[in-house]
Structure formats: structure tokens, C-alpha cells
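These numbers were taken from a predicted model, which means no experiment stands behind them.
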Amino acid sequence: MDADAIIIGAGACGLMCAVQAGYLGKRVIVLEKNDKPGAKILISGGGRCNYTNQFASAEQFISANPHFVKSAFTQWTVEDTISFFETYGITGKEKTLGQLFPDDKNAKDVVAVFTSICEDFGQEIRCNAAVNNIEIFDDYFKVSYEKNGKTVVLTTEKLVIASGGLPIPKMGATDFALRFARKNALNIIETAPALVPLTITGKDKEWFAQLSGNSVFCEVSNDEIAFEENILFTHWGLSGPAILQISSFWRRGETININLLPNHDVLSLLEDERKTNGKTLLSTLLHRFYTRKFTDALGKFLPLTKPVAALTKAEIDLITTTIHHFKVKPAGDKGYDKAEVMRGGIDTSEISSKTLQCKKIPNLFFGGECMDVTGWLGGYNFQWAWASGFVIAQNL
């Protein structure tokens with residue numbers, strides 16, 4: 001055999017798996033399609049890398065089996081992630097909502113931790129290595145890949161597929177894991193872009209486009225869940241953290257609700273203003289909370305030039321509904337080019353939650369984004385990648 005295990009994909013899961021295997025004295029070869037390891041790590045968080053979340057638990061993951069991640073998160077905790085990186089000189093600093101970023105370092109330093117440990121252990125990372133075939137035998141695998149126009153064949157008793165999902169094709173993302181799963185009769189949960197901006201078309205398009213660049217703190221919700229963070233207006237629709245979060249739960253044709261003033265009751269604000277200064281124009285009151293541009297844009301729906309004391313009951317109801325129940329029916333999303341992760345993937349019922357080994361194909365393991373485990377925005381998907389990489393390594 002050429003190695004104790006072959007890992008396909010030098011992303012977050014594959015790199016952690018290689019490192020943890022090294023600690024256990026196991027030699028692995030990592031095959032990476034790109035010209036360098038950790039491509040998605042390098043661009044995450046604008047190059048700063050939100051490498052975990054202090055609050056990560058099964059609650060922040062979408063899966064047909066919401067309990068699936070619990071075993072891995074017991075074996076490799078958030079504390080384990082923090083401790084691991086601190087050991088190698090990366091200290092976490094919380095930005096918001098539990099998101100941890102390297103305090104005085106960046107994504108390149110995160111990747112360097114893994115590449116240097118791999119070097120110390122003699123773990124090979126072979127880049128520009130595009131796997132084109134996997135043959136499954138009774139007690140070993142034959143993996144063929146192409147590099148510089150030549151085909152190389154490796155044999156191994158254990159195989160790890162950590163090749164990621166479909167987002168960001170220009171970063172080298174492919175459907176390799178999904179194609180392999182289908183070929184071997186493994187069930188796949190329908191895939192779709194997740195943590196992705198939403199598009200607006202039709203008669204409302206111009207109203208959103210004119211607000212491009214405006215950011216508003218909101219609560220965005222549907223019948224299932226709500227998120228309080230900023231939304232960002234763009235020339236094609238909506239983005240920003242709250243929109244990316246809700247996108248993972250949104251389905252085409254559905255309407256989402258936006259509370260444009262989640263920390264205040266606009267009815268109380270109007271009543272208080274009527275008592276103290278009824279001559280205040282509605283636009284003046286709203287401008288205390290929004291930019292002038294956004295306030296003016298609300299003039300399409302609201303009587304901005306009216307003093308608050310002159311507002312009728314119907315107008316007050318309209319203001320309350322518009323501010324707290326602003327309805328948006330997105331036309332679609334920006335697709336895998338702009339998505340941070342993939343929803344769906346290889347059905348977790350095909351995989352042992354304790355070992356991440358494939359139930360139908362012994363000694364084959366899946367990790368990271370290729371399976372039906374999708375985290376919220378904010379470092380959760382990295383925590384899953386590290387945990388799944390660790391778990392697999394223990395079972396190689």
C-alpha cells in the first residue's frame with residue numbers, strides 16, 4: 001500500500017484529518033485538485049478566517065438528521081479547536097455572536113499551521129492532483145489521479161473523501177463526492193446553494209437597486225426561524241449576514257418577513273412623539289434610525305411628509321406593518337458562485353455518526369461539506385470540518 005490512508009481534498013476537513021492521523025503515527029497522502037491547499041480557508045472571512053464559533057452545537061446545523069453531528073462534536077469540541085490553534089500561535093478574538101477570528105493573524109496563518117505540521121509528520125500534500133477514478137476492491141482502494149498530464153495510481157486500505165461541496169466553482173469546487181456517491185448507490189439529499197445572497201426581480205427590482213450599499217439592522221424570519229443581524233441592499237437584491245442566514249432555510253416561491261426595527265416598537269415611538277412634539281414629521285422620526293436615503297425610499301409606502309399628530313389610524317397601521325412586517329418574495333439566489341456552502345449532500349443515514357465511515361463500503365470515510373450537514377454563518381461550518389477530520393483520523 002502507498003499509504004495508511006489517502007485523503008481526497010486538502011480543505012479544512014482533509015487537512016485536519018491529515019494532521020490528526022500524523023499524531024497517531026499514520027502516514028497519509030492528501031490529493032488536492034487546486035495548486036495549493038486550503039483554498040476556501042484562504043478566502044474565508046475576507047481572508048481573516050472565522051475559524052470556529054464559541055456557541056457551536058447541533059442546534060446550528062441543517063440536516064435531514066439533526067442529531068448526526070452530536071457524536072463528532074462530543075469527540076472534538078469548540079474548546080479542542082481553540083486549544084489546537086492556540087498551541088500553534090493562533091489566539092481567537094470574538095467579533096460578534098461567538099465568531100472567533102485569529103487575533104493578530106489571518107487565514108494564511110491558519111493554513112500554514114496545517115502545512116507545517118504535515119511537513120513535520122511526513123504527510124504528503126500533492127497539489128494539482130485531480131482524482132479521476134476510484135476502484136473499490138475487497139480490502140483496498142485503487143485511486144487514479146492526473147497531474148501534469150500523467151496518470152498516477154495509488155493503493156490504500158483506507159480512503160477519505162473530503163472534497164467539499166459545490167460552492168465557488170472558480171475556487172476549484174466540483175461535484176466529485178456527489179458523483180462518486182451516486183455511482184455507488186449512496187442516497188443524496190437534494191442540494192442547493194446556502195448562505196447565499198437573494199435576488200429581486202420584477203416591479204420591485206428598482207426600489208431595491210436604488211438602495212444599493214445601504215445596510216440596516218433587522219430581524220429576518222420565515223415560519224421556521226429568525227435571525228437578527230444586518231441586511232445589505234444590492235443592485236440585484238439583498239445580502240448581508242441576516243439574509244445569508246435565512247437563505248439556508250428559504251425555498252423558491254416563499255416570502256420572508258423583515259422587521260426593519262427589531263429593537264423598538266414603532267407604535268410606541270409614534271405615540272411618545274405625539275405627546276412630546278406632534279409636529280415632528282414622520283420622515284424626521286424615521287431618520288433617527290435609518291440613513292436619509294433609506295428613509296426617503298420608505299416614502300414609496302409611507303406618508304413621510306405628514307406630522308405624526310396628523311396620522312390617521314389607517315396610516316399608523318400601515319407604518320407598523322411596513323416597519324415590522326416588511327414582506328419580500330425573492331426571485332431566486334445568486335447561485336454557487338456566491339454561496340458560502342452547500343445545503344444537502346450525501347445522506348447521513350449512509351454514514352456512521354460515531355466514525356464517519358460509510359456503512360455500505362468499509363474503510364471509506366466522508367467528511368466536511370460533501371455530506372448533508374450545513375452550518376449557519378459564523379464559523380460553524382469550520383467547526384464541523386475540524387471535528388469530522390478529527391473523528392475520521394481516529395478510525396483510520
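Looking only at atom types and distance, the side chain of D80 has no donor-acceptor partner in the side chain of S83 under 3.5 Å away. Checked by atom type, the side-chain pair E224/N222 shows no donor-acceptor distance below 3.5 Å. Checking T348 against D372 by side-chain atom types alone, no donor-acceptor pair falls below 3.5 Å. Counted by atom type alone, Q357 and S352 present zero donor-acceptor pairs between their side chains at under 3.5 Å.
Not one N or O on the side chain of S63 forms a donor-acceptor pair closer than 3.5 Å with the backbone of P66. Side-chain atoms of N50 come within 3.5 Å of backbone atoms of T52 as a donor-acceptor pair (strictly under, hydrogens ignored). Using a distance-only test at 3.5 Å, with no hydrogens or angles considered, no donor-acceptor pair links the side chain of Q123 to the main chain of E119. Looking only at distances, no side-chain donor or acceptor of Q383 sits under 3.5 Å from a matching main-chain atom of T81. With hydrogens and angles disregarded, no donor-acceptor distance shorter than 3.5 Å links the side chain of E94 to the backbone of T96. The backbone N or O of T74 sits nowhere less than 3.5 Å from a side-chain atom of T77 that would complete a donor-acceptor pair. Between the side chain of N53 and the main chain of L97, a donor-acceptor pair closer than 3.5 Å is present. For the pair T280 (side chain) and L285 (backbone), a donor-acceptor distance under 3.5 Å is absent. The backbone N or O of A314 sits nowhere less than 3.5 Å from a side-chain atom of D317 that would complete a donor-acceptor pair. For K70 (side chain) and S57 (main-chain N/O), no donor-acceptor pair under 3.5 Å exists by modelled atom type.
A distance of 8.0 Å separates CD1 of I351 from CG of L186, quoted to the nearest 0.5 Å. T320 contributes atom OG1, which lies 9.5 Å from atom CG of L302 (distance to the nearest 0.5 angstrom). For the atom pair OG1 (T276) and CG (D272), the distance works out to 7.0 Å, reported to the nearest 0.5 Å. Here W236 contributes atom CH2 and K338 contributes atom NZ; the two are 7.5 Å apart, rounded to the nearest 0.5 Å. The structure places CD1 of I323 at 10.0 Å from CG of L269, a figure rounded to the nearest 0.5 Å. Note that CG of N214 and OG1 of T291 are 4.0 Å apart. Values are rounded to the nearest 0.5 Å.
Applying the 6.0 Å contact sphere to NZ of K93 captures no more than 12 heavy atoms from other residues, nucleotides or ligands. Around NZ of K279, the count of heavy atoms belonging to other residues, nucleotides or ligands within 6.0 Å does not exceed 12. Within a 6.0 Å sphere centred on NZ of K300, other residues, nucleotides and ligands contribute more than 12 heavy atoms. No more than 12 heavy-atom neighbours from other residues, nucleotides or ligands sit within 6.0 angstrom of NZ on K354. More than 12 heavy-atom neighbours from other residues, nucleotides or ligands sit within 6.0 angstrom of CG on N132.
Classified by interplanar angle (parallel below 30°, tilted 30° to 60°, perpendicular above 60°), the ring pair F180/F176 is parallel. Aromatic ring pairs are classed by plane angle as parallel below 30°, tilted from 30° to 60° and perpendicular above 60°; the pair W376 and Y380 is perpendicular. Ring geometry for W76 against F390 counts as tilted: the plane angle lies between 30° and 60°, on a 0 to 90° scale. Between W386 and F114, the angle of the ring planes stays under 30°, which puts this pair in the parallel group of the 30/60° scheme.
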As a quick check of understanding, evaluate salt bridge (charged side-chain N to carboxylate O under 4.0 Å, His left out) for E146 and K33, giving each step before the final call. CA-CA 9 Å; E146 196 165 305; K33 183 174 177 283; over 6 Å; no

side-chain contact (heavy atoms from CB on, under 4.5 Å) between I117 and Y88, worked out: CA-CA 10 Å; I117 301 171; Y88 295 97; 3.4 Å; yes

Residue pair E86, T91: steps toward the side chain to side chain donor-acceptor pair (under 3.5 Å) verdict = CA-CA 5 Å; E86 283 181 350; T91 306; 5.1 Å; no

* Criterion salt bridge (charged side-chain N to carboxylate O under 4.0 Å, His left out) on K360 and E350, from CA distance to verdict -> CA-CA 7 Å; K360 291 176 183 169; E350 303 281 10; 3.2 Å; yes

Show the numbers, then the answer: is there a side-chain contact (heavy atoms from CB on, under 4.5 Å) between V160 and I8? CA-CA 6 Å; V160 180; I8 300 174; over 6 Å; no

- Applying side-chain contact (heavy atoms from CB on, under 4.5 Å), run through K170 and D337 and close with a yes or a no. CA-CA 8 Å; K170 66 186 176 190; D337 278 347; 5.7 Å; no

| said: Quick one, L31 with C127, criterion side-chain contact (heavy atoms from CB on, under 4.5 Å). Give me CA distance, side-chain angles, the key distance, then yes/no. | reply: CA-CA 6 Å; L31 302 177; C127 293; over 6 Å; no

Review point. Checking salt bridge (charged side-chain N to carboxylate O under 4.0 Å, His left out) for the pair R126/E32: CA distance, chi angles, key distance, verdict?
Key: CA-CA 6 Å; R126 300 184 185 179; E32 171 54 50; over 6 Å; no

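You'll find the side chain of V196 stays beyond 4.5 Å of the side chain of V341, heavy atoms only. Using a 4.5 Å cut-off on side-chain heavy atoms (C-beta onward), D265 and H324 make contact. Looking at W207 and I200, their side chains never come closer than 4.5 Å, going by heavy atoms from C-beta outward. Contact of the L281 side chain with the T284 side chain is registered, since non-hydrogen atoms from C-beta on lie closer than 4.5 Å. Between N259 and H325, every side-chain heavy-atom pair lies at or beyond the 4.5 Å cut-off. The shortest side-chain heavy-atom distance between E228 and N263 falls under the 4.5 Å cut-off. Annotation: side chain of I7 is not in contact with side chain of I29 (no heavy-atom distance under 4.5 Å). The shortest distance between side-chain heavy atoms of L178 and M342 falls below 4.5 Å.
A ring-ring contact (aromatic ring centres under 6.0 Å, His included) with Y51 holds for exactly one of F382, F85, F84; it is F85. Shown are N363, V143, I136; of these, the side chain to side chain contact (heavy atoms under 4.5 Å, CB included) with L159 is made only by V143.
Between A339 and I168, the shortest heavy-atom contact is O-CG1, 3.6 Å. Taking each heavy atom of L260 and V216 in turn, the nearest pair found is O-CG1, 4.1 Å. The heavy-atom pair separating V111 from G38 by the smallest distance is CG2-O, 4.0 Å.
Comment: E340 does not engage K40 in a salt bridge, judged by the lack of any side-chain N to carboxylate O separation of less than 4.0 angstrom. Residues E254 and K329 are not paired through a salt bridge, judged by the lack of any N-O separation under 4.0 Å between the basic side chain and the carboxylate.
Annotation: salt bridge (charged side-chain N to carboxylate O under 4.0 Å, His left out) contacts involving residues 13-28, sequence neighbours excluded, comprise R27-E124.
Ring centroids of F68 and F61 are separated by 6.0 Å or more, keeping the two rings apart.
Connection of V153 to I6 is not established within any shared hydrophobic cluster, with ILVMFWY side chains joined at heavy-atom distances below 4.5 Å, either directly or through further cluster members.
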